[in-house]
There are 2 protein chains.
Amino acid sequence: MADATAAGDGGLTPAARRILDVASELFYQRGIRAVGVDTIAAESGITKRTLYDRFGSKEALVAAYLGARDERWRAFVESRIAAVPAGSPARVLAPFDALAEWTAPPPSARGCAFLNAFGELPEPDHPARAVVIGEKTWLRDRFRALLAEAGAARPDGLAVQLLSLHEGAVVAYSMAGERGAAAEARAAARVLLDRAVAGG
Amino acid sequence: MADATAAGDGGLTPAARRILDVASELFYQRGIRAVGVDTIAAESGITKRTLYDRFGSKEALVAAYLGARDERWRAFVESRIAAVPAGSPARVLAPFDALAEWTAPPPSARGCAFLNAFGELPEPDHPARAVVIGEKTWLRDRFRALLAEAGAARPDGLAVQLLSLHEGAVVAYSMAGERGAAAEARAAARVLLDRAVAGG
DNA sequence: AGTGATGTTCACAGATCAGTGTAGTGATCG
DNA sequence: CGATCACTACACTGATCTGTGAACATCACT
């Protein structure tokens with residue numbers, strides 16, 4: 001049971017964990033194509049042989065990086081949704097609270113990892129593509145469900161509007177340096193939501 | 001006066017023009033780092049020597065690509081702004097009309113070239129970075145000016161909201177496959193605008 | 001005829017890329 | 001004991017990367 005190689009770490013061996021951690025940071029900060037496997041191996045203090053024994057290819061490592069990030073982000077958003085009492089229309093705005101928290105302290109200025117990966121990996125069959133597309137469609141569907149729950153009018157269209165506000169706020173934050181973008185997006189979302197709930 | 005090497009083509013020689021056209025298409029479709037100068041030279045039927053004689057470096061070619069695209073895009077937006085009579089609050093929405101037109105026919109699905117470049121080129125001193133950041137800040141400032149012109153309340157904050165809606169619509173379109181994202185974003189922007197002009 | 005700009009051809013440098021082959025170490029488990 | 005697993009060490013392949021050097025052709029203009 002107290003298996004050192006698995007359990008509690010997503011089934012990753014210690015070396016695989018280090019590789020994934022280091023690769024995640026490097027991919028995010030410098031870009032995916034800009035980081036070579038030699039660099040990842042060197043920075044994580046693990047041999048390239050082990051990297052390939054654990055992940056199989058750079059493509060698969062990239063997919064693992066984005067998959068793990070996706071999982072963390074979804075859990076974070078869900079926690080902020082759960083923090084708002086069910087039945088309250090403000091639940092719809094919870095993803096904006098999560099975003100505000102995420103953009104609060106460090107001006108990392110590297111923006112959305114999924115967006116960056118999307119721009120860098122146009123190959124339709126790249127294993128990471130499904131992950132990045134899944135992340136955006138998940139958020140849209142999440143908005144849609146929350147809107148339906150709140151009894152908002154036209155939940156499909158409004159979900160697209162809220163998704164746009166959310167994604168655009170990340171862009172405004174990272175590219176235009178708008179530190180208050182998440183708060184502004186939330187305020188705009190509230191206006192749209194109020195209208196749709198009150199029956200405008 | 002009838003100088004064949006300059007005039008009417010941004011001062012580009014015929015070979016430079018071909019290189020820039022081919023490189024622009026390849027950079028946009030496949031990503032900047034994914035396209036080598038050898039490929040650009042081969043596909044444009046021009047030698048690598050000429051490429052370096054005209055542009056100096058790949059970095060500079062990338063900057064030229066984004067600079068030209070920025071210029072075209074700004075002119076396109078300005079033309080749509082000019083199409084709305086001055087004094088009409090709907091002028092503020094003109095960039096959304098431009099976006100709707102741009103996302104209308106082909107599901108190119110490669111999204112915003114500036115966003116993609118931003119994700120791919122984190123180096124702070126890359127000559128293309130100023131261009132991509134300039135594009136986003138320009139649009140924000142344009143929104144701000146149009147809002148001030150329309151007498152909207154809180155033009156600074158609203159400009160960030162409209163910028164977010166605009167940029168997010170591109171993301172929703174390219175990544176989540178939302179073909180109606182531009183129209184939805186425009187509708188949301190109108191709600192926000194009406195409120196700010198009527199004095200909500 | 002002379003000059004300068006434009007472009008070609010082709011070889012080459014030096015680095016970096018993803019990925020593999022082989023051999024060996026130490027620990028754990030049945 | 002023997003097998004398996006996780007990992008190291010290290011050399012190596014073949015491709016691709018950005019960028020350069022040198023010699024030559026073509027054309028326009030003066």
Side-chain angles (χ1 to χ4, degrees), chain A residues 1-23 26-27 30-65 117 120-123 125-128, chain B residues 1-23 26-27 30-65 117 120-123 125-128:
Chain A
M1 286 294 180
D3 192 332
T5 67
D9 213 2
L12 294 179
T13 63
R17 176 82 270 161
R18 279 189 56 81
I19 292 168
L20 187 54
D21 286 347
V22 168
L26 291 177
F27 284 153
R30 305 187 199 169
I32 292 168
R33 301 195 78 120
V35 176
V37 287
D38 294 275
T39 304
I40 296 168
E43 298 254 323
S44 57
I46 264 101
T47 56
K48 209 163 44 155
R49 199 78 211 74
T50 300
L51 189 156
Y52 277 94
D53 282 347
R54 296 293 138 253
F55 293 95
S57 69
K58 184 185 177 183
E59 273 195 355
L61 178 59
V62 171
Y65 148 57
E120 252 186 307
L121 311 171
E123 307 91 349
D125 53 338
H126 195 292
Chain B
M1 287 292 180
D3 192 332
T5 67
D9 214 2
L12 293 179
T13 63
R17 176 83 268 161
R18 279 189 56 81
I19 292 167
L20 186 54
D21 286 348
V22 168
L26 292 177
F27 284 153
R30 305 186 199 168
I32 292 168
R33 301 196 79 120
V35 176
V37 287
D38 293 275
T39 305
I40 295 168
E43 300 255 322
S44 57
I46 264 98
T47 57
K48 209 164 44 155
R49 201 76 199 80
T50 301
L51 189 156
Y52 277 94
D53 282 347
R54 296 293 138 254
F55 294 95
S57 69
K58 185 185 176 182
E59 273 195 354
L61 178 59
V62 171
Y65 147 57
E120 252 185 308
L121 311 171
E123 307 90 349
D125 52 339
H126 194 294

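On a predicted model such as this, the values are computed, not experimentally measured, just so you know. Chain identifiers are assigned alphabetically (A, B, ...) following the order of the sequence lines, protein sequences preceding nucleic acid strands; residue numbering begins at 1 within each chain. Atoms considered below: every heavy atom in the structure, side chains included; atoms not considered: hydrogens, waters and symmetry mates.
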Student: So, taking the atom named CZ in B:R17 and the one named CZ in B:R54, what distance separates them when rounded to the nearest 0.5 Å?
Tutor: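 Here the rounded value is 14.0 Å.
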
Student: Tell me the interatomic distance from B:I19, atom CD1, to C:dT8, atom C1', rounded to whole angstroms.
Tutor: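 Rounded to whole Å, this separation is 12 Å.
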
Student: When the distance from CZ of B:F55 to P of D:dT18 is rounded to whole Å, what number comes out?
Tutor: 15 Å

Student: So what does B:R49 hit on the nucleic acid, given a heavy-atom distance under 4.0 Å: a base, only sugar-phosphate, or nothing?
Tutor: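 Touches a base.
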
Student: Respond yes when some side-chain nitrogen or oxygen of B:T47 is under 4.0 Å from OP1 or OP2 of C:dC10, and no when none is.
Tutor: no

Student: For B:I46, does its backbone N or O pair with a side-chain atom of B:T50 as donor and acceptor, under 3.5 Å?
Tutor: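 Not at all, since once roles are kept as given, no pair shorter than 3.5 Å links the two residues.
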
Student: Please confirm whether the shortest side-chain N or O distance from B:T13 to OP1 or OP2 of C:dA5 is below 4.0 Å.
Tutor: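 For C:dA5, neither OP1 nor OP2 has a side-chain N or O of B:T13 closer than 4.0 Å.
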
Student: Would you kindly check whether a donor in the side chain of B:K58 faces an acceptor in the base of D:dG19, or vice versa, at under 3.5 angstrom?
Tutor: no

Student: Reckon A:G45 touches a base, only the sugar-phosphate, or nothing at all at heavy-atom distances under 4.0 Å?
Tutor: sugar-phosphate

Student: Report the nucleotide, chosen from D:dC7, C:dA18, C:dG7, that has the shortest atom-to-atom distance to any side-chain atom of B:R54.
Tutor: C:dG7

Student: Answer yes or no: is there a donor N or O on one side and an acceptor on the other, between the side chain of A:E120 and the main chain of A:G31, under 3.5 Å?
Tutor: no

Student: Under 4.0 Å from OP1 or OP2 of C:dG7: is there any side-chain N or O of B:R18 that close?
Tutor: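 So the side-chain polar atoms of B:R18 never come under 4.0 Å of the phosphate oxygens OP1 or OP2 of C:dG7.
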
Student: So what does B:D38 hit on the nucleic acid, given a heavy-atom distance under 4.0 Å: a base, only sugar-phosphate, or nothing?
Tutor: base

